[in-house]
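Reviewing the structure listed below.
The shown structure was predicted, so the numbers you read here are calculated from the model rather than taken from an experiment.
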Amino acid sequence: MSFDSAPESSILEIHLFGVGNVGGSLLDQIHRQQPILRRRGLDLRVCTLGGSRRMLTSDPQSDQGLDLKNWRSELQASSIPSDFEGTLQRAQAHRTKTSVLVDCSTSPVLATRYADAFRHHLHVVTSNKRTNSGPRADYDEVRTAARRHGQRFLYETNVGAGLPVIDTLQNLVATGDRCLRFEGILSGSLSFILGLLESGIPFSQAVRQALDAGYTESDPREDLSGLDAARKLVILAREMGHALDLEELPVQGLLPSGFDASGSLPEFLTRLENLDEDFAQRIAKLDGQRLRYVATWTPTEAQVSPRAVDPNHPLAAIRSAENALCFHTERYQPHPLIIRGYGAGAQVTAAGVLSDILRLAAPSLSLRAGAA
Ligand SMILES: NC(=O)c1ccc[n+]([C@@H]2O[C@H](COP(=O)([O-])OP(=O)(O)OC[C@H]3O[C@@H](n4cnc5c(N)ncnc54)[C@H](OP(=O)(O)O)[C@@H]3O)[C@@H](O)[C@H]2O)c1
């Protein structure tokens, strides 16, 4: 690949861990946008990409970043073991460039390493929700480390995938508004599954379709148990300045309480067929109401659970992997501020991650906005 020369470009070096649905789409989007962004004054260079076992790194001599044309086959053939520590050190050696660690993995371990990345002078962009929904001490440590080292921590895709949720909420809070009540559908995968059930698709098939479409976590039990939606509500509450912890949030999953959800993923998916009739009956008994997976929050109580809502309720129309977030605030009342749109899926989530990356370079991009 020949690189357009852009001598006055800002250079942003990307070190990406997690190249599954989201990370893979991100690389494809970066590859497509690279020439356009270069003309607008931003040279996005992917210097590291990898998963839990192997990775690719750019040649430090050429200083151009990886050519992304055949990254999948090259990663497949790579014999370089995945090395997070070495990546941080290599990035730090390039202190003249702006560098960002991008975490699109499902790893709980990587999520504990962001403070190290800040110490090595990298910004962090993550779609991985584990740090922001995890123990308070880790949550605080990451923010303290980012401030101390003058680095940025961006995680817009933690809630609502590519929807502008975190930024909107941070702006509300920073300008002195206060959230009084929140109600919403935070799980795109459950929104997709419940929508399919309404169309008569058996429950076990709906779950498989959601998994195949990349709407669920790699193990859909995270979604079906309500854990994924609960993580998002914890993140929202914390953004609103409330110290909610995952352990204290009442969570009712979508699966019946006695159902055996153990075993390997294929075993679990097969066993789901035993619930097809139950769910068909549950939907039939709703008598015009809609089953939705709803998260609610006030300063004194919060919960996530399935709920039957009237057909004229604002959340009744939310299906097909959409999310809807209704913030009832001091300023937004009696009508709430509503954010609605697709809240799961690799493409929209990757676009949200790329937007966060571009925010790190916003001044250089906006100066040349007319040059696209
Ligand atoms: N999909 C969505 O709609 C969506 C929306 C919002 C947020 N997210 C979040 O985005 C992240 C990625 O989601 P996804 O759908 O892309 O998941 P995925 O397809 O399962 O991909 C996850 C990737 O993480 C990698 N990984 C696991 N442990 C790792 C480690 N220690 N170091 C490096 N890589 C590691 C895996 O690599 P190996 O295969 O090599 O193990 C895998 O490629 C998750 O945290 C998810 O919660 C997803």
request  = Determine, stepwise, if the pair Asp177 / Leu337 fulfils side-chain contact (heavy atoms from CB on, under 4.5 Å).
outcome  = CA-CA 12 Å; Asp177 202 355; Leu337 169 69; over 6 Å; no
message = Determine whether Thr175 and Arg331 satisfy the following criterion, side-chain contact (heavy atoms from CB on, under 4.5 Å), listing intermediate values before the conclusion.
response = CA-CA 11 Å; Thr175 57; Arg331 291 181 192 142; 3.1 Å; yes
Glu74 and Lys69: CA distance, side-chain angles, deciding distance, salt bridge (charged side-chain N to carboxylate O under 4.0 Å, His left out) verdict = CA-CA 9 Å; Glu74 285 170 16; Lys69 202 160 144 219; over 6 Å; no
Any idea which heavy atoms bring [X] and [Y] closest together, and the distance?
X	Y	result
His242	Pro299	CE1-CB, 3.8 Å
Thr349	Ala161	OG1-CB, 3.4 Å
Phe118	Val124	CE2-CG2, 3.5 Å
Thr48	Met55	CG2-SD, 3.9 Å
Leu227	Val251	N-CG1, 4.5 Å
Asp356	Glu156	OD2-N, 3.0 Å

Any side-chain heavy atom of [X] within less than 4.5 Å of one from [Y]?
X	Y	answer
Ser199	Arg319	yes
Glu183	Pro336	no
Trp297	Met240	yes
Arg90	His15	yes
Val19	Trp71	yes
Thr144	Glu141	no

[Y] backbone acceptor or donor facing [X] side chain under 3.5 Å:
X	Y	value
Asp219	Arg221	yes
Arg292	Ile318	yes
Asp223	Glu217	yes
Arg307	Val294	no
Glu248	Asp245	yes
His328	Leu180	no
Arg143	Tyr139	yes
Asp43	Arg38	no
Gln34	Leu44	yes
Asp260	Ser262	yes

State whether the number of non-hydrogen atoms from other residues, nucleotides or ligands found under 6.0 Å of [X] atom [atom1] is greater than 12.
X	atom1	result
Gln76	CD	no
Phe268	CZ	yes
Arg178	CZ	no

query = Does a donor on one side chain sit under 3.5 Å from an acceptor on the other, for Gln281 and Glu277?
reply =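 A pair is found: one side chain offers a donor N or O, the other an acceptor, under 3.5 Å apart.
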ask   = Under the salt bridge (charged side-chain N to carboxylate O under 4.0 Å, His left out) criterion, do Asp228 and Lys129 qualify, and how do the steps go?
value = CA-CA 9 Å; Asp228 191 58; Lys129 304 165 201 92; 3.0 Å; yes
task = Anything under 30° is parallel, anything over 60° is perpendicular, the rest tilted; go ahead and classify Phe203 against Phe279.
result =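 Phe203 vs Phe279 ring planes: parallel.
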key: For Ser133, the option from Arg238, Lys232, Arg231 that meets side chain to side chain donor-acceptor pair (under 3.5 Å)   = Arg231
ask   = Between atom CG of Leu224 and atom CD1 of Ile193, what is the distance when rounded to the nearest 0.5 Å?
value =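 It comes to 5.0 Å.
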query = Rounded to the nearest 0.5 Å, what separation is found between the OG atom of Ser99 and the CD1 atom of Ile14?
reply = 10.0 Å
query = Do you reckon Leu249 sits in the same ILVMFWY cluster as Leu255, going by side-chain contacts under 4.5 Å, direct or chained?
reply =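 Yes, one cluster joins them.
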key: Common cluster, Val234/Tyr293, ILVMFWY with side-chain heavy-atom separation under 4.5 Å   = yes
task = Go through the steps to decide whether Asn128 and Thr126 satisfy the test side chain to side chain donor-acceptor pair (under 3.5 Å), and finish with yes or no.
result = CA-CA 5 Å; Asn128 186 342; Thr126 183; 5.0 Å; no
task = Apply the test side-chain contact (heavy atoms from CB on, under 4.5 Å) to residues Leu68 and Leu49: give CA-CA distance (whole Å), side-chain angles for both, the deciding distance (0.1 Å), then the verdict.
result = CA-CA 10 Å; Leu68 296 178; Leu49 66 89; 3.9 Å; yes
request  = Sequence neighbours left out, what passes side-chain contact (heavy atoms from CB on, under 4.5 Å) with Ala295? Give chain and number order.
outcome  = Phe182, Leu186, Leu233, Val304
